[in-house]
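One structure is given here, and the rest of the page talks about it.
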Amino acid sequence: MKTPTSPLLSRLGKIDKPIFDLGKDYFPAVLAGLIAVLISYAGPMLLMVQAAQAAHLNKDLSSSWLWAVSIGSGFCSIALSYRYKIPIICAWNTPGAALLVTGLMTVPYNQAIGAYLIAAAITFLIGATGAFNRLMSAIPKSLCAAMLAGILFRFGVEVFANTHSEIKGAPWLTAIMFFAYLLYKRQSARYAIVLTLMTGVMIWGTVDWGTQTGNLDTDTAWHLTFTKPVWSAPEFSLKAIISLGLPLAILCLTGQQVPGIAVLRAAGFDKTPTSKLISTTGLTSLILAPFGAHGINLAAITAAICTGPEAHQQLEKRWVAGVACGIFYVLIGCFAGSLKDLFLMLPHALVSTVAGLALLGAIQNGLVNAMAAPEEREAALITFIVTASNFTLLGLGAACWGILLGVASHLLLRKSRN
């Protein structure tokens with residue numbers, strides 16, 4: 001005798017498998033978003049912590065700063081990725097944070113807030129007027145790809161640089177994670193990074209390899225609390241605008257926005273609405289500046305994790321990684337003051353190894369695309385070498401000099417050949 005089945009249960013049975021398949025399909029994209037956020041907080045966030053300490057900001061102001069850049073990055077990533085169906089990863093101005101480590105020591109905080117507003121307004125206007133879009137269309141794609149490869153190259157090198165670390169167990173942690181990655185990649189390229197991350201965390205938690213003694217204060221009680229944003233009234237001074245505002249705008253555009261667009265182009269997203277992305281991040285920076293945000297912009301390094309095949313084999317489905325990244329940013333941002341200490345606990349060897357391995361595909365694609373056009377190869381090679389050198393001259397970083405010298409080489413070599 002056949003047991004009667006409820007119509008509702010029958011429908012749920014039919015729905016259950018597609019939902020499971022959908023979750024399985026998008027899991028690597030969600031994971032890519034999580035790894036991107038993890039790397040952002042475990043690495044570049046340290047610069048903001050150092051800047052806050054150098055400026056002697058109290059806990060409320062420094063927590064508000066982290067809250068503002070996290071919430072701004074999160075909402076921009078979610079809105080732009082969903083709107084354009086492209087994995088658009090936003091983050092804070094990392095070279096700008098490095099500038100503030102020394103810059104905030106000589107400028108009062110309220111005047112720094114005024115400088116943040118000026119920098120944000122400049123970025124917004126350059127995006128809204130379409131000037132940035134015209135600039136990007138004039139740069140050959142091979143040079144953008146070479147710059148991307150140069151930016152990411154040091155992260156790949158750092159994986160093997162950990163083998164020379166004097167921190168207890170760091171070389172062993174790196175070696176085990178590397179060979180584990182190769183084995184996982186052989187079985188399933190889609191889940192190789194997450195399994196490598198889980199392996200590293202398990203080893204670290206079990207034998208405590210890679211932890212630098214003296215980093216953790218185990219006697220201090222830790223509480224998970226919401227971060228309250230603090231409004232700081234801006235003050236405008238010529239000194240702050242010249243010493244902080246203008247450099248922040250230049251670093252944002254040349255050190256973050258240009259590489260960010262290059263990452264998207266190198267991944268195959270050629271129809272990126274460049275001007276709208278720049279103006280949106282500039283407007284978001286303008287709104288959140290009084291709460292401490294020194295600049296929201298397109299990400300480059302972490303974006304490469306979410307735009308590559310590791311996020312999803314199908315190009316049109318990688319936008320989910322951008323939305324996932326934004327959601328994690330917002331969730332962590334709500335508790336930024338409390339969670340920053342937890343992220344700082346992760347050993348450098350673990351974070352740098354995961355980052356380097358996750359970026360291998362992006363480095364490979366960048367080099368392949370850089371060398372695709374025979375007549376542009378030498379200029380692309382110059383761009384790659386200059387960018388990979390990671391030097392700073394006249395306040396401009398290696399990425400900016402790489403693209404400038406690459407374009408100059410391209411124009412001069414093209415004339416000589418003609």
Side-chain angles (χ1 to χ4, degrees), residues 91 93-99 119 122-123 125-127 129-155 157 242-267 270 272 274-275 277-278 281-282 295 297-301 303-304 362-363 365-418:
N93 186 348
T94 300
L99 170 71
I122 292 172
T123 304
L125 289 173
I126 287 176
T129 56
F132 190 86
N133 194 30
R134 290 191 292 272
L135 172 66
M136 287 304 299
S137 9
I139 301 174
K141 291 181 182 179
S142 61
L143 302 191
C144 290
M147 181 179 66
L148 169 64
I151 292 170
L152 302 182
F153 183 71
R154 66 185 178 91
F155 291 90
V157 171
I242 293 174
S243 61
L244 288 183
L246 295 180
L248 278 174
I250 293 170
L251 288 171
C252 172
L253 292 166
T254 60
Q256 294 280 169
Q257 306 286 34
V258 171
I261 296 297
V263 168
L264 291 170
R265 284 188 174 186
D270 296 324
T272 304
T274 306
S275 295
L277 302 189
I278 304 304
T281 53
N297 41 242
L298 300 177
I301 297 161
I363 296 171
N365 290 337
L367 290 172
V368 169
N369 293 330
M371 299 294 129
E375 68 278 5
E376 297 174 0
R377 282 177 186 167
E378 193 166 354
L381 181 61
I382 291 170
T383 302
F384 169 75
I385 292 172
V386 173
T387 305
S389 68
N390 201 32
F391 78 99
T392 301
L393 180 64
L394 302 177
L396 299 178
C400 179
W401 284 112
I403 203 71
L404 287 175
L405 293 177
V407 170
S409 303
H410 171 68
L411 293 174
L412 290 172
L413 290 173
R414 186 176 63 178
K415 277 189 176 183
S416 64
R417 289 191 183 109
N418 292 340

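Count residues from 1 along the sequence. Below, each value reflects all heavy atoms present in this structure, side chains not excepted, and no hydrogens, waters or symmetry copies.
Taking each heavy atom of L413 and A379 in turn, the nearest pair found is CD1-N, 4.4 Å. In terms of heavy-atom proximity, I261 sits nearest to L277 at CD1-CD1, 4.3 Å. When all heavy atoms are compared, the tightest approach of A380 to A146 is O-CB, 3.1 Å. For the residue pair G245 and A119, the shortest heavy atom distance occurs at O-CB, 3.3 Å. Considering all non-hydrogen atoms of both residues, L405 and S409 come closest at O-OG, 2.7 Å. For the pair R377 and M371, the tightest heavy-atom approach, listed with the atom from each and the gap, is NE-O, 2.7 Å.
Under the rule for a side chain to side chain donor-acceptor pair (under 3.5 Å), the partners of T281 that lie at least two apart in sequence or sit in another chain are Q257. Partners of A299 by side chain to side chain contact (heavy atoms under 4.5 Å, CB included), not counting sequence neighbours, listed by chain and number: I89, A91, T302, A303.
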Inset, instruction - Start with the C-alpha distance between F132 and T123, add both sets of side-chain angles, then the distance that settles side chain to side chain contact (heavy atoms under 4.5 Å, CB included), and finish with yes or no. - result: CA-CA 9 Å; F132 190 86; T123 304; over 6 Å; no
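Here L381 contributes atom CG and S142 contributes atom OG; the two are 11.5 Å apart, rounded to the nearest 0.5 Å. In this structure, the separation between CZ on R265 and CG on L143 is 10.5 Å, given to the nearest 0.5 Å. Considering CG of N297 and CG of L253, their distance stands at 9.0 Å, rounded to 0.5 Å. If you take CD1 on I278 and CG on L125, they are separated by 13.0 Å, rounding to the nearest 0.5 Å. Atom-to-atom distance recorded for I403:CD1 and H410:NE2 is 10.5 Å, nearest 0.5 angstrom. Expressed to the nearest 0.5 Å, how far CG of L367 lies from CZ of F153 amounts to 8.5 Å.
Residues I122 and L246 meet the side-chain proximity criterion, which asks for heavy atoms closer than 4.5 Å.
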